[in-house]
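Step one of this worksheet: look at the structure below.
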Amino acid sequence: MLAPDQLLDWTRQRPLTLFEGEDAPVVHVDVSQPFCPTLRQRLREEAAALGIPLVDAGCYVCGEGPRYETAFEVRLFAQWGGTVAGMTAGTEALLFREAEICYAVLAIVTNWGAGLSPQPLTHAEVEAMMGQKLPAVLQLFERVIAAYDFPDCPCRHALDTYGDGVRAWLMATG
């Protein structure tokens, strides 16, 4: 398992912002740390307490899906510094930041990726690995949620420089 600290959103067809439409304000949020540092710390602490191996840091590359990446894409993403590739988490991280909601990812590696795996990738392989890892993931999430005390966090201040008008617009259209 891996708790990425960086993101490459390689999607092309998903909404890119919550601030869309003619009357939408222009909003730019800082995503230097696209995943919540507070939640990532909690994942690390609770994984260590449970004895669950967790790689701390890495770049999550989000592709469009629902297909797997090509062998060339896997090599390219690795050259760019990508650690894992998946089909979720990319756009979500950016939208959650715009909404000032803490968001972190726990990546479960289910296969080696096209061109790295000695055999073709299958959904059965993904399901089998997820079934194997699910008990530890649930135990980890239960502990993180039970101990979460909603501390102040940079994620909750992503819109501070815009004032209450932007938050009000978001609430009215959300």
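Residue numbers start at 1 and run along the sequence shown.
Between the CD atom in Glu20 and the OG1 atom in Thr173 there is a gap of 10.0 Å [rounded to 0.5 Å]. In this structure, CE in Met1 is found 5.0 Å from CD1 in Ile52, a value given to the nearest 0.5 Å. Once rounded to the nearest 0.5 Å, the distance linking CG of Leu39 with CD1 of Ile101 reads 11.5 Å. Atom CD1 of Ile145 and atom CZ of Arg42 lie 12.5 Å apart (nearest 0.5 Å). Atoms CG and CG, from Asn111 and Leu116 in turn, are 9.0 Å apart once rounded to the nearest 0.5 Å.
The side-chain contact (heavy atoms from CB on, under 4.5 Å) search around Ala24 returns Phe19, Trp169, not counting sequence neighbours. For Ala71, the side-chain contact (heavy atoms from CB on, under 4.5 Å) partners two or more places apart in sequence, or in a different chain, are Arg75, Ala114. Taking Glu64 as the reference, Arg14 meet the side chain to side chain donor-acceptor pair (under 3.5 Å) condition, with sequence neighbours excluded. For Ala57, the side-chain contact (heavy atoms from CB on, under 4.5 Å) test picks out Asp5, Arg40, with sequence neighbours left out. Residues meeting the ring pair (Phe, Tyr, Trp, His ring centres under 6.0 Å) test with Tyr68, sequence neighbours left out: none. Take Phe150 and apply the ring pair (Phe, Tyr, Trp, His ring centres under 6.0 Å) test, not counting sequence neighbours, and it matches Tyr148. Residues meeting the salt bridge (charged side-chain N to carboxylate O under 4.0 Å, His left out) test with Arg67, sequence neighbours left out: Glu73.
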Please tabulate, for side-chain N and O atoms in residues 103-110, each donor-acceptor pair with protein atoms closer than 3.5 Å (sequence neighbours left out).
none

Please tabulate, one pair per line, all N/O donor-acceptor pairs under 3.5 Å involving side-chain atoms of residues 129-143, not counting sequence neighbours.
{"unit_1": "Arg143", "atom_1": "NE", "unit_2": "Glu46", "atom_2": "OE1", "d": "2.7"}
{"unit_1": "Arg143", "atom_1": "NH2", "unit_2": "Glu46", "atom_2": "OE1", "d": "3.1"}

Give every donor-acceptor pair under 3.5 Å between a side-chain atom in residues 79-97 and any protein atom, sequence neighbours left out.
{"unit_1": "Thr83", "atom_1": "OG1", "unit_2": "Cys59", "atom_2": "N", "d": "2.9"}
{"unit_1": "Thr91", "atom_1": "OG1", "unit_2": "Asp9", "atom_2": "OD2", "d": "3.2"}
{"unit_1": "Thr91", "atom_1": "OG1", "unit_2": "Thr11", "atom_2": "OG1", "d": "3.3"}
{"unit_1": "Glu92", "atom_1": "OE1", "unit_2": "Ala89", "atom_2": "N", "d": "2.9"}
{"unit_1": "Glu92", "atom_1": "OE1", "unit_2": "Gly90", "atom_2": "N", "d": "3.4"}
{"unit_1": "Arg97", "atom_1": "NH1", "unit_2": "Asp30", "atom_2": "O", "d": "3.4"}
{"unit_1": "Arg97", "atom_1": "NH1", "unit_2": "Gln33", "atom_2": "O", "d": "3.0"}
{"unit_1": "Arg97", "atom_1": "NH2", "unit_2": "Gln33", "atom_2": "O", "d": "2.9"}
{"unit_1": "Arg97", "atom_1": "NH2", "unit_2": "Pro34", "atom_2": "O", "d": "3.4"}

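Annotation: side chain of Thr17 is not in contact with side chain of Val27 (no heavy-atom distance under 4.5 Å).
Within the structure, salt bridge (charged side-chain N to carboxylate O under 4.0 Å, His left out) pairs that include any residue of residues 150-167 comprise Glu100-Arg167, Asp160-Arg167, Asp164-Arg167 (at least two apart or interchain).
In the hydrophobic clustering, Leu16 connects to no other residue, as no ILVMFWY side-chain heavy atoms lie under 4.5 Å from its own.
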